Amino acid sequence: MKIGPFFMDNIRLIVNEVVKKIKNSDNEMLESVRSEYFGKNGILTKILKSLSHYSIEDRKKIGFETNKAKAILESEIEKRKEDLKKALIVQKMEKEKLNCSSIFYFPFSKGSFHPIVQTMQDIVLAFKSLGFSVAEGPEIETDWYNFEALNIPKSHPVKDVQDTFYLDGMRSLLRTHTSPGQVRVMEKQDPPIKVIVPGRVYRNEASDASHSSTFHQIEGLRVDKNVTFLDLKVILTKFIHKFFCCGELDIRFRPSHFQFTEPSAEVDIQCFSCKGRGCKICKNSGWIEMLGCGMVHPNVLKCVNYDSELYTGYAFGIGVERIAMLRYKVDDIRLFYENDLRFLKQF
Ligand code: PHE
């Protein structure tokens, strides 16, 4: 058998047609193209099968042209398949695109301040409304600021009850109270001073239901001409009434001792749970211990080069955890630090 004059041209024409077809096919159509041309009875398969009917010379030509056509079509089919795959991904991405600008619902529940932070903020707000400004100091202090400038000499036994964690070969320490922050304020500023210093403090002591080696304080200081113990009583009474909204409850000042104040006192408030009759909260005493206070010791004023003949001042220190425990009726201080969500979610 001899090949006709247009045989090769026909193959090329077929290829051009099929390439066009492939370009518009979906996956299913591609499979039918494949079987139409390369399947058992496919057009190109048939041509290859019939090679034996031709002369050797023609076989070569036909074989070459048919295999070339096969290769072109195979590669076009693969290309189209890839394109279809990509188009599918693009389509999927379009469909699943997240338009954040239209999201107004935030599916996570809103957090809240930790009860200690909340209490601290509220105490600070109460004192701000009584005319106090707010200052902060470093948590790592020197012996001078934490003790000596507060009338606690280097080897004084009172340091035992405020033992702390020493750093840097005893060159610095974790502050045991925020009073050093007050010393820093006085160093920078002349009287009048009316400031509170909130912050975290540390003591070297074992934790139990009412003690923790890390806790929070808010200490207050006022220094001016003619500041008296009466001013101290007035301001603390105002604060307690404001903070606990308990105008009808009694407050008492009990003599105490602090190295940096003279005279010193501790302030108790009549138990708001039993109104003084005695209960579990006040350990049957009818009173709840609130804070320590006193008139600034002249030695403290001298340490910051204030004229202790001209100026007097009062100071007080409030334990934030203590107030939070009373406020939220929490009976173990350790609950505040365990970060158990079942506990924290209640506030
Ligand atoms: N700094 C004292 C303490 O931490 C509290 C205090 C402050 C007492 C000011 C009196 C006056 O124990």
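All values reported here derive from a predicted model rather than from experimental measurement. The first residue of the sequence shown is numbered 1, and numbering continues consecutively from there. For the numbers below, each heavy atom of this structure counts, side chains included, while hydrogens, waters and symmetry mates do not. Read the numbers this way: they start at 1 and go in the same order the structure lists the ligands and their atoms.
- The shortest N/O to N/O separation between Thr176 and ligand 1 does not fall below 3.5 Å.
- Phe260 and His177 have perpendicular rings, their planes meeting at more than 60° on a 0 to 90° scale where under 30° would count as parallel.
- Ligand 1 places these atoms under 4.0 Å from at least one heavy atom of Phe260: 1 (N), 2 (C), 6 (C), 7 (C), 8 (C), 9 (C), 10 (C), 11 (C).
- Within the listing of ligand 1, atoms 7 (C), 9 (C), 11 (C) sit less than 4.0 angstrom from a heavy atom of Phe316.
- Of all protein heavy atoms, the one closest to atom 5 (C) of ligand 1 is Glu219 OE2, 3.6 Å.
- A donor-acceptor pair is defined here as one N or O able to donate and one able to accept, closer than 3.5 Å; such a pair exists between the side chain of Asp208 and the backbone of His211.
- Atom 4 (O) of ligand 1 has its closest protein heavy atom at Gln217 NE2, 2.7 Å.
- The local environment of NZ in Lys70 is sparse, with at most 12 non-hydrogen atoms from other residues, nucleotides or ligands closer than 6.0 Å.
- Between the side chains of Thr119 and Arg327, a donor-acceptor pair is found at a separation under 3.5 Å.
- Contact annotation for Cys293 and ligand 1: only backbone heavy atoms (N, CA, C, O) come within less than 4.0 Å of the ligand.
- With contacts defined as side-chain heavy-atom distances shorter than 4.5 Å, the pair Met186/Leu221 qualifies.
- When non-hydrogen atoms are compared, ligand 1 lies under 4.0 Å from the side chain of Arg203 (C-beta onward) but not from its backbone.
- Below 4.0 Å from some heavy atom of Phe258 lie the following atoms of ligand 1, by number and element: 8 (C), 10 (C).
- The shortest non-hydrogen separation linking Val183 to Tyr145 is CG1-CD2, 3.8 Å.
- Arg203 forms no cation-pi arrangement with Phe215, by the criterion of a distance under 6.0 Å to the ring centre and an angle within 45° of the ring axis.
- Heavy-atom proximity to Ser179, at under 4.0 Å, picks out these atoms of ligand 1: 1 (N).
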